[in-house]
2 protein chains.
Amino acid sequence: MYDGVVQDLIDELGRLPGVGPKSAQRIAFHLLQADPVDVRRLADVLVEVKTKVKFCSICFNVTEEDQCRICRDPRRDPAVLCVVEEYKDVVAIERTREFRGRYHVLGGAISPIDGIGPDQLHIRELMMRLADGTVTEVILATDPNLEGEATATYLTRMLVQPDLRVTRLASGLPVGGDLEYADEVTLGRAFAGRRAAR
Amino acid sequence: MYDGVVQDLIDELGRLPGVGPKSAQRIAFHLLQADPVDVRRLADVLVEVKTKVKFCSICFNVTEEDQCRICRDPRRDPAVLCVVEEYKDVVAIERTREFRGRYHVLGGAISPIDGIGPDQLHIRELMMRLADGTVTEVILATDPNLEGEATATYLTRMLVQPDLRVTRLASGLPVGGDLEYADEVTLGRAFAGRRAAR
């Protein structure tokens with residue numbers, strides 16, 4: 001529809017997640033008029049991110065070093081391991097400042113429909129980390145959806161070492177939400193997981 | 001919130017129009033996991049678009065040559081000139097296949113609130129193009145909004161050459177729309193511009 005390289009740019013932008021043809025066009029026209037220095041900076045950071053960013057050799061978190069910031073931090077409790085699906089889950093949990101242990105990033109969740117089984121995830125590496133007995137609790141913090149639950153169930157069945165506590169994050173009503181708007185599964189979980197109030 | 005270059009990428013993506021912090025994060029994580037070849041291609045086309053794409057020396061349309069495809073085309077009628085705000089308006093009009101004349105891209109519309117006056121637009125160049133009398137009709141195809149109308153009004157006042165026809169695009173009901181949903185200004189214009197049915 002457009003000429004040469006402008007159409008190439010629109011095509012490439014349209015491949016990004018959440019960017020439809022109209023947005024791609026809008027971004028492309030913005031870039032046509034933008035300062036070349038700004039566009040160059042975006043291009044550079046794209047290349048940089050693919051050359052610099054690696055995965056931590058211990059936990060598979062995103063890092064620019066061999067080991068990630070959390071694995072290198074001696075103040076983090078090596079006895080508690082939080083298993084998550086993705087790097088962004090690490091960031092979400094870090095933001096709470098509630099967790100002082102370490103992580104293991106699976107790289108996804110079991111999803112037969114997408115062809116992702118246990119072998120496609122960093123589960124073997126998780127087992128190797130647990131072998132020396134340093135870790136005494138594994139917190140399964142996979143997403144509370146079908147794939148995340150399947151992954152947690154699978155891991156629960158695999159993690160049979162004696163003296164290893166395996167826990168799940170609590171399910172229940174989101175803080176700040178309205179009870180009447182909660183879906184029935186969440187509300188059911190909130191009942192099942194009710195705590196003594198005093 | 002994120003480490004080093006990943007945060008840089010999220011920041012750069014977040015500067016694009018219509019890309020909020022959540023979308024920027026989502027695109028960044030997609031790129032982290034994407035094939036390096038694909039990311040490299042996006043980076044290359046960004047650089048390419050800023051080095052290759054220029055503005056036509058005659059009409060200020062986007063082009064990779066000195067003159068744009070339309071200005072170079074001898075079959076396009078040099079007597080009719082369509083004045084638009086942006087390159088994307090050229091593309092929109094070309095798509096209709098209704099117009100066989102040439103264009104003049106102003107590079108925006110008069111908008112005092114954004115500091116854009118007649119001097120920031122390619123109006124002087126428009127006047128120079130009209131000087132030799134080749135053009136017999138100027139079609140003002142600016143956007144039907146406040147800035148576009150102001151620009152058209154300004155140009156109408158400037159284009160006082162005798163024997164020069166100055167026209168505006170018709171305002172009225174959009175084809176395929178419902179009369180009851182038309183806003184009152186559009187409906188008023190549709191009445192004012194009514195044509196003989198037979």
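Per chain, numbering begins at 1; letters A, B, ... match sequence-line order.
Interface remark: of the candidates A:Lys52, A:Lys88, A:Arg15, A:Lys88 forms the most heavy-atom pairs closer than 4.5 Å to chain B. Taking chain A as the reference chain and counting heavy-atom pairs below 4.5 Å, the highest number among B:Val19, B:Leu31, B:Asp44 is found for B:Leu31. Highest contact tally toward chain B, considering only A:Pro36, A:Ala43, A:Ser23, is held by A:Ala43 [criterion: heavy-atom pairs under 4.5 Å]. Between chain B and the residues A:Val6, A:Leu32, A:Val53, the most heavy-atom pairs under 4.5 angstrom are made by A:Leu32. When the candidates A:Val47, A:Leu13, A:Asp38 are compared by the number of heavy-atom contacts under 4.5 Å with chain B, A:Val47 comes out ahead. Chain A forms the most heavy-atom pairs under 4.5 Å with one residue out of B:Val5, B:Leu46, B:Val45, and that residue is B:Val5.
The distance from atom CG of A:Asp66 to atom OG of A:Ser57, rounded to the nearest 0.5 Å, is 3.5 Å. Distance check: B:Leu42 CG to A:Leu9 CG gives 7.5 Å after rounding to the nearest 0.5 Å. The distance from the CG atom of B:Leu16 to the CD1 atom of A:Ile27 is 5.0 Å, given to the nearest 0.5 Å.
If you measure heavy-atom distances from A:Asp11 to chain B, you find no contacts under 4.5 Å at all. For a residue to count as touching a neighbouring chain, one of its non-hydrogen atoms must lie under 4.5 Å from one of that chain's; by this rule A:Arg26 touches chain B with backbone and side chain alike. Neither the backbone nor the side chain of A:Val90 comes within contact range of chain B, judged by heavy atoms closer than 4.5 Å. With a 4.5 angstrom heavy-atom cutoff, B:Glu94 does not touch chain A via any of its atoms.
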- Message: salt bridge (charged side-chain N to carboxylate O under 4.0 Å, His left out), that's the test. Do A:Arg189 and A:Glu149 meet it? Break it down for me.
- Response: CA-CA 13 Å; A:Arg189 290 280 180 86; A:Glu149 298 278 343; 3.7 Å; yes
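Side-chain contact between A:Thr63 and A:Phe55 is absent, with no heavy-atom pair separated by less than 4.5 Å.
Aromatic ring orientation, A:His122 versus A:Phe60: parallel (interplanar angle below 30°, classes split at 30° and 60°).
For B:Arg72 (side chain) and B:Gln67 (main-chain N/O), a donor-acceptor pair under 3.5 Å exists by modelled atom type.
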